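Below: one structure, written as structure tokens.
Owing to the predicted nature of the structure, the values given are computational and were not obtained by experimental measurement. Below, all heavy atoms of this structure are taken into account, side chains as well, without hydrogens, waters or symmetry copies. Chain identifiers are assigned alphabetically (A, B, ...) following the order of the sequence lines, protein sequences preceding nucleic acid strands; residue numbering begins at 1 within each chain.
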Amino acid sequence: MRAVTTSSALSKQYDPSDVEPRWLRFWLENGFFHADEAAPTVPYSITLPPPNVTGSLHIGHALGSTMQDILVRWKRMQGFNSMWMPGIDHASIAVHVLLEKDLKRRENKTRFDLGREEFLKKAWAWKEKSGNRISEQEKLMGFSLDWQRERFTMDEKSNGAVTEAFVRLYEEGLIFRAKRMINWDPASETVVSDLEVDTVDENGSLWEIKYPFADGTGEIIVATTRPETMLGDTAVAVNPKDERYKGMHGKLVTLPLTDRQIPIVADEWPDPEFGSGAVKVTPAHDPNDYEIGQRHKLEAIQVIDSKGKMMAPSPAKYVGMTVDQARKAIVADLEAAGFLGEVKPHKVPRGRSQRSGAVIEPMLMDQWWVKAAPLAEKAAKAVEDGKTKFVPELWTKTYMHWMTNIRDWCISRQLWWGHRIPAWYCSACNATTVQRTPPTACSKCQSAEIKQDEDVLDTWFSSGLWPFSTLGWPEKTRALSTFYPNNVLVTGPDIIFFWVARMMMMGLHFTGKVPFRTVYLTSIVTDENGDKMSKMKGNVIDPLDVVYGATLESLLARADAENAPEAAVKTIKKNFGKGIPAMGADALRFALAALNTSGRYIRLSIERVEGYRNFINKLWNASRFALMNLDGYDPDRFEAQITTPAGRAALGMPERWILSRLQAVSQDVDAALEAFRFADAANAIYHFVWHELCDWYIELAKPHLHQQEGVELDAPRAARRHVVQGVLATALETTMRLLHPFAPYVTEEIWQKLPKPPQLPGSLMITVFPRADQAFVDKTAEAEMKLLQDVAVGCRMLKATYGFAPAQSISVGVRVSGPKAELLERFREPIERAARVKMTVAANFDANAEFTGLVGKEVLNSEVEILMPLPKDIDAKAEVARITKDIAKAEKEIGGIEKKLANADFLSRAPEDIVAEQRARLAEEQARKSRLADAIATLAKA
RNA sequence: GGGCGAAUAGCUCAGCGGAAGAGCGUCGCCCUUACAAGGCGGUGGUCGCAGGUUCGAACCCUGCUUCGCCUACCA
């Protein structure tokens with residue numbers, strides 16, 4: 001579409017449902033989201049944190065992804081070869097838990113009933129469905145992801161990268177298999193890492209148990225929160241410094257309920273202050289006891305099995321009991337046999353599996369580990385050296401703390417959905433073969449009796465490789481050399497340890513480079529009460545429900561399908577009683593940006609999104625107004641005029657003002673984005689569009705644009721109209737480019753309709769992002785406009801204060817002289833129109849009968865005051881009161897400044913310009929005060 | 001137990017050494033032909049408390065109070 005005229009077919013309210021799908025298709029069909037790794041321009045890359053295939057995206061994803069899209073679109077418009085890498089994560093244990101719950105509910109079966117193959121079939125089907133849904137959501141939000149590159153953590157290439165990484169680390173001695181204390185999740189029947197355990201203090205008891213000496217000379221009392229583990233005790237430990245037990249080291253005690261005898265050992269661990277000072281030692285089921293066991297070469301006797309049930313060698317009566325059942329039985333038996341001492345209530349820290357919620361059992365098992373220390377050292381140093389920076393900076397500490405206190409990473413999981421560990425065990429010679437391709441024989445003895453390890457890898461293992469595996473690693477691809485390292489990673493602070501740290505370690509180890517230059521940590525989205533969103537609570541918001549709207553019925557139906565608890569249903573009814581109105585993707589995106597200040601949380605409510613929907617609508621209507629008035633406009637002619645200094649000088653003051661403001665806002669947005677200050681950027685645009693472009697410029701432009709049908713304008717008016725059209729069109733066109741990264745759909749729609757010079761590209765998203773142009777910065781116009789605004793606002797204020805109807809045109813006098821008076825005379829018409837007044841400008845009103853009676857007065861500054869004659873029946877006292885308040889304010893200011901200026905230290909130590917500023921302010925305030933005092937004197941006469 | 005952070009207008013938050021700000025809400029008045037998802041105007045704050053540094057503190061330092069979050073193997 002070209003030049004000259006545009007018709008207005010725009011509706012009064014912006015309708016995103018009509019606009020969004022059209023442009024999404026247009027962008028996708030034209031390949032605008034794709035970046036060519038061979039392009040000569042400077043690369044800019046971000047890898048999307050791959051969402052878990054556990055369902056669909058929530059508002060937290062929408063926040064992070066919107067910020068990424070803003071960055072990527074912004075940089076693309078700045079001419080960078082901007083690439084945003086999409087993908088999804090198999091989320092091993094999360095999907096497991098989900099599928100197993102579903103299996104239990106629908107078929108009352110466990111995964112073991114199904115078998116590995118059948119279970120995996122279900123998992124893949126689930127992945128298909130969930131993955132498609134996620135991609136769909138991402139597309140509808142307008143995210144400019146490079147879809148041709150889309151990857152999955154368990155696709156063929158990723159599998160290859162995982163195997164390669166595992167084998168290399170194994171060969172380097174950084175992956176090993178060892179029997180150590182691990183966290184066992186008895187519900188999912190797998191190991192989980194330390195990070196996947198949530199420890200909370202729960203109410204429990206501290207039981208004292210009497211362990212009699214084997215020689216019958218007495219007893220020692222131990223204190224425990226877990227009496228059932230006594231069946232696996234292999235010692236009692238006391239502190240060597242503890243006087244009470246000095247003579248007992250090495251003595252044997254008989255373990256109650258069993259016939260075993262165990263020694264008393266001296267160890268530093270027991271705290272003499274706690275309990276009895278003597279600790280029962282169960283090396284197989286407690287991390288501390290394990291350590292004690294190591295030090296004293298104690299046997300570790302496992303008495304709890306993988307399902308969380310008691311097992312042999314526990315006495316037969318307890319075998320098969322759950323831990324809780326066993327605890328009750330054992331306490332009862334101890335009591336009956338007289339072994340039980342005091343029982344006190346006690347807070348006990350209890351680890352629970354983050355995924356299944358089951359109580360974690362510490363167990364001793366053979367597992368695969370990554371030796372973390374050498375990797376962490378490099379990862380910590382890279383951040384110390386500033387090769388990767390955290391924004392906001394405070395997260396650096398969190399990262400460093402963990403890196404410097406890191407423990408080995410247990411990477412094997414007893415699950416099926418995930419990357420199978422590339423290790424084969426030989427039943428003939430017990431050797432382990434680890435290699436890239438499945439072996440046919442044992443690497444040591446060549447026996448064919450080999451079997452692959454049953455376990456899969458921790459889901460974060462593949463995630464750790466993601467920034468480079470997605471670009472083709474281990475191959476040396478062009479994509480890798482172009483787009484790695486990424487410029488930015490945008491993610492939540494909750495996965496700094498899980499993911500950011502692992503990517504840093506793996507990235508540095510395998511590529512020698514950091515995976516990204518900057519880590520931007522987003523806030524966490526909560527509901528309007530500050531509560532974390534969760535399906536259990538019913539306060540989650542699906543981004544697409546905000547975009548397209550949802551009825552209460554549809555929300556409840558989904559909650560039902562997801563088996564939401566009753567409390568959640570109640571919350572949904574309360575929060576979304578009237579459903580959710582459709583806001584459009586732009587409004588949601590803009591809201592997320594505008595609310596994204598540097599705080600840790602973003603409280604999101606539909607009402608707040610609504611405010612930004614109104615903004616989008618405002619923009620729409622401003623554009624609609626422009627398009628209704630751009631008939632006859634010739635962009636080429638305007639461009640020719642505006643590119644010369646003389647042409648610019650010929651513009652009217654409001655034109656020069658709005659173009660100057662446009663430079664300022666462009667500058668502000670650019671600087672804010674550079675510093676990841678998304679809220680500042682969004683608010684700068686919001687303020688410019690609403691309070692400068694709409695409130696003032698468009699209002700001032702109206703008279704010049706107005707054209708009566710069938711009436712020809714004379715030449716000067718026609719020229720004037722054309723200039724105003726040009727400035728309005730230009731301001732809007734630039735605004736669309738500024739706003740595009742935030743609100744891509746509505747800006748593309750408007751931009752396509754705006755008349756503009758023909759050399760521009762076919763889509764807004766590939767135009768150039770605005771840069772402040774000094775040639776258009778005009779401080780004089782800004783100062784002049786300020787006076788115009790102050791006068792208009794002052795008049796409106798007086799009118800409103802004295803109850804004049806807005807439509808009523810009131811006579812006002814503006815007392816001012818010199819250039820300011822000339823300026824106001826020049827802009828008499830726009831001021832009168834803006835404030836609905838009849839204005840007289842004069843240096844003095846003493847001789848003017850109209851203004852010598854009862855007048856309302858607004859003193860703008862020492863030079864300018866506004867007088868408004870008031871009807872005889874108005875209460876002069878009200879005006880006196882108002883002005884008295886104003887005087888008091890001025891006096892307070894004057895007092896403060898005088899005190900400062902009387903202070904010799906201030907005069908000698910404060911910088912000169914500050915002192916001068918204070919002097920000027922004092923003069924200004926004093927003049928203002930005297931004018932206000934005059935006003936009161938006048939009123940007294942009236 | 002260790003660490004980190006926050007307390008500013010009714011609400012959500014900016015400001016982080018030189019005159020207290022925004023958005024929303026609230027209260028008036030207006031359907032003024034771009035927009036009632038709108039216009040105009042008003043109200044509203046000893047910047048958690050107590051000290052200190054400074055010519056000057058919402059801002060820097062110390063202590064306290066109250067809330068968050070992360071982290072940890074006290075039986």
Classify the nucleic acid contact of [X] as base, sugar-phosphate or nothing, counting any heavy atom under 4.0 Å across all strands shown.
X: A/P362; result: nothing
X: A/E917; result: sugar-phosphate
X: A/R407; result: sugar-phosphate
X: A/F615; result: nothing
X: A/H401; result: nothing
X: A/T224; result: sugar-phosphate
X: A/R882; result: nothing
X: A/R921; result: base
X: A/P349; result: sugar-phosphate

Options B/rC69, B/rA14, B/rC74, nucleotide nearest the side-chain atoms of A/Y601: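 Among B/rC69, B/rA14, B/rC74, the one nearest the side chain of A/Y601 is B/rC69.
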Nearest of B/rA19, B/rU71, B/rC73 to any side-chain atom of A/F497?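 Closest of the options to the side chain of A/F497: B/rU71.
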What does the B/S/- profile of nucleotides 24-37 of chain B look like, 5' to 3', with a 4.0 Å heavy-atom cutoff to protein? S----S--B-BBSB
Phosphate OP1/OP2 of B/rC74: any A/H346 side-chain N/O under 4.0 Å: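 For B/rC74, OP1/OP2 do not have a side-chain N/O of A/H346 under 4.0 Å.
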For A/D527 and B/rC11, give me the distance from atom CG to atom P, rounded to whole Å.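 Value for this atom pair: 17 Å.
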Just how far, in rounded Å, is C1' of B/rU71 from CE of A/M400?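 About 17 Å, once rounded to whole Å.
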When Watson-Crick pairs (N1 to N3 and N6-O4 or O6-N4) and G-U wobble pairs (N1-O2 and O6-N3) count only below 3.5 Å on both distances, what is the dot-bracket string of RNA chain B, with | for other-strand pairs? ((((((((.[[[[.)..(..]]]].(((((.......))))).....[[[[[..)....]]]]])))))))....
Polar atom pairs (N or O), protein with nucleotides 42-48 of chain B, under 3.5 Å:
none

Quick check: closest heavy atoms across A/V915 and A/L907, and the distance to 0.1 Å?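 Closest pair (atom of A/V915, atom of A/L907, distance): CG1-CD2, 3.8 Å.
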Checking A/K12 against A/N621: is there a side-chain donor and acceptor pair closer than 3.5 Å?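 Short answer, no.
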With a 4.5 Å limit on heavy-atom distance, are the side chains of A/L728 and A/I698 in contact?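 Sidechains of A/I698 and A/L728: in contact.
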